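Worth saying up front: this structure is predicted, and the values here are computed from it rather than measured. Lettering follows sequence order; numbering is per chain, from 1.
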Amino acid sequence: MKVLPRSFYSRDTVKVARDLLGKKLVRKIGNRTISGIITETEAYRYKDDPASHAFGGVTERNKVMFGQVGIAYIYFTYGMHYCFNAVARNSHYDAGAVLIRALKPELGIKEMFKNRKINSFNNLTNGPAKLTQAMRITKKQYGEDLTSSATLYITEGIKIRKIGANPRIGIKNGADMLWNFKIEI
DNA sequence: GCAGAGATCAGCT
DNA sequence: GCTGATCTCTGCC
């Protein structure tokens with residue numbers, strides 16, 4: 001399956017968020033492969049988006065949002081959780097990223113159960129911090145290049161039907177923008 | 001089935 | 001010192 005090129009990520013952040021639905025997130029650990037179809041995303045932009053981490057300018061945590069597109073932005077939150085984003089924006093913006101909120105597990109489901117230490121299939125990767133745990137994504141993958149990495153990347157996926165647009169989850173400011181996107185499989 | 005507490009870090013006031 | 005792009009476990013409001 002073809003890895004998404006850099007040009008895929010150098011378009012408007014909201015457009016990239018929609019287009020990532022149905023694509024495949026792949027993670028290699030040793031000789032094992034873990035993968036899943038992306039089923040929910042959220043766009044976070046820059047100065048026009050008060051909910052974005054980049055809104056207030058560069059910090060130690062968010063600096064890759066201002067760097068090259070197609071890079072993994074992973075942040076630590078609530079003292080225990082990691083969330084995974086792909087840096088994406090067009091030339092009108094200096095920062096932007098797409099949060100991957102949910103996956104449909106494909107390969108390596110056994111590994112995911114092990115990583116998550118649970119037994120219910122439904123709770124495997126249906127939340128941003130759940131999928132990072134299932135795929136063993138941590139700060140070590142911060143700044144990884146998704147277009148050239150051998151251990152963490154995104155490829156072409158499946159054809160999708162209808163996309164649902166909703167307010168983003170867990171934010172106060174910017175809740176009027178419908179930048180949460182979802183598909184049913 | 002749903003509300004509330006707890007975990008405990010980076011960034012802001 | 002408080003808040004959050006969260007999840008899990010507990011107890012019944």
Side-chain angles (χ1 to χ4, degrees), chain A residues 9 12-21 23 25 27 34 36-67 69-89 93-105 109 111-144 146 152 154 163-183:
Chain A
Y9 301 97
D12 180 75
T13 311
V14 175
K15 192 167 283 188
V16 174
R18 293 174 63 97
D19 287 351
L20 275 173
L21 294 170
K23 301 292 188 284
L25 179 61
R27 172 91 169 110
I34 302 175
I37 303 290
I38 297 170
T39 56
E40 188 178 353
T41 62
E42 277 176 12
Y44 286 91
R45 229 149 56 174
Y46 185 34
K47 288 191 172 160
D48 59 344
D49 181 8
S52 173
H53 283 167
F55 182 70
V58 188
T59 65
E60 187 56 29
R61 174 171 70 165
N62 70 17
K63 59 185 177 189
V64 294
M65 286 181 79
F66 294 81
V69 299
I71 298 290
Y73 168 43
I74 293 148
Y75 67 90
F76 188 62
T77 191
Y78 291 104
M80 12 191 355
H81 297 297
Y82 295 101
C83 295
F84 172 76
N85 300 248
V87 177
R89 65 173 180 279
Y93 293 90
D94 289 332
V98 176
L99 171 70
I100 310 298
R101 282 196 65 86
L103 298 175
K104 178 183 187 292
I109 292 175
E111 289 290 303
M112 296 198 209
F113 277 122
K114 221 166 73 189
N115 294 337
R116 294 267 296 119
K117 301 185 176 64
I118 56 159
N119 281 317
S120 68
F121 185 82
N122 291 340
N123 285 329
L124 218 42
T125 54
N126 62 339
K130 296 181 188 179
L131 69 93
T132 55
Q133 198 185 355
M135 290 197 150
R136 276 204 240 162
I137 293 171
T138 68
K139 268 229 116 102
K140 280 186 190 148
Q141 280 70 46
Y142 183 95
E144 191 106 354
L146 300 171
L152 182 63
I154 302 175
I163 297 176
N166 296 288
R168 291 167 293 178
I169 314 283
I171 56 160
K172 281 188 206 151
N173 301 321
D176 50 327
M177 299 182 239
L178 304 181
W179 287 355
N180 169 292
F181 303 108
K182 232 192 268 191
I183 53 170

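Contact of the Thr132(A) side chain with the His81(A) side chain is not registered, since no non-hydrogen atoms from C-beta on lie closer than 4.5 Å. Counting heavy atoms from C-beta outward, Tyr93(A) and Asp49(A) have side chains that stay 4.5 Å or more apart.
Rounded to whole Å, the distance from CG on Asn122(A) to C1' on dC7(C) is 16 Å. With rounding to whole Å, Asn62(A) atom CG is found 11 Å from dA10(B) atom C1'. Taking atom OH on Tyr78(A) and atom C1' on dA10(B), their separation rounds to 13 Å, with Å as the unit. Atom CD in Glu60(A) sits roughly 10 Å away from atom P in dA10(B) (whole-Å rounding). Note: CE (Met80(A)) to C1' (dG6(B)) measures 9 Å, nearest angstrom. Computed from coordinates, the Phe55(A) CZ to dA5(C) P distance equals 13 Å when rounded to whole Å. Taking atom CG of Asn123(A) as the reference point, atom P of dC7(C) lies 10 Å away to the nearest angstrom. Here the P atom of nucleotide dA10(B) and the NZ atom of Lys63(A) are 13 Å apart, to the nearest Å.
Using a 4.0 Å heavy-atom distance criterion, Ala129(A) is classed as a sugar-phosphate-only contact. When heavy atoms are screened at a 4.0 angstrom cut-off, Asn85(A) is found touching base atoms of the nucleic acid. Note on Gln133(A): nothing from the nucleic acid sits closer than 4.0 angstrom, heavy atoms only. Using a 4.0 Å heavy-atom criterion, one finds that Tyr44(A) contacts the bases of the nucleic acid, with or without backbone contacts as well. Nucleic acid contact class of Arg61(A) (heavy atoms, under 4.0 Å, all strands): sugar-phosphate only.
Note on Arg89(A) versus Asp94(A): no salt bridge recorded, every NZ/NE/NH1/NH2 to OD/OE distance being 4.0 Å or above.
Across all strands shown, dT8(B) forms no Watson-Crick or G-U wobble pair with both distances under 3.5 Å. Remark: dA5(C) base-pairs with no nucleotide; criterion is Watson-Crick or G-U wobble with both hydrogen-bond distances under 3.5 Å.
The side chain of Thr77(A) lies closest to dG4(C) when the candidates are dA5(C), dC7(C), dG4(C).
The side chain of Arg116(A) contributes an N or O atom lying less than 4.0 Å from OP1 or OP2 of dT8(C). Between Thr59(A) and the phosphate of dG11(B), there is a side-chain N or O to OP1/OP2 separation shorter than 4.0 Å.
Closest heavy-atom contact between Ala72(A) and Leu152(A): CB-CD2, 4.5 Å. Between Arg136(A) and Glu111(A) the shortest heavy-atom distance is NH2-OE1, 4.0 Å.
Partner His53(A) forms a ring pair (Phe, Tyr, Trp, His ring centres under 6.0 Å) with one of Tyr75(A), Phe66(A), Tyr44(A) and no other, that one being Tyr75(A).
The separation of dT13(B) from dA5(C), taken at their P atoms, amounts to 14 Å, rounded to a whole angstrom. Rounded to whole Å, the separation between the C1' atoms of dC13(C) and dA5(B) comes to 14 Å.
Residue Tyr75(A) places a side-chain atom within donor-acceptor reach of the base of dA5(C), judged by atom type and a 3.5 Å distance cut-off alone.
The residue among His81(A) and Val58(A) whose nearest nucleotide of DNA chain B lies closer to the 5′ end is His81(A). If Ile169(A) and Lys130(A) are placed on DNA chain C by their nearest nucleotide, the residue sitting closer to the 5' end is Ile169(A).
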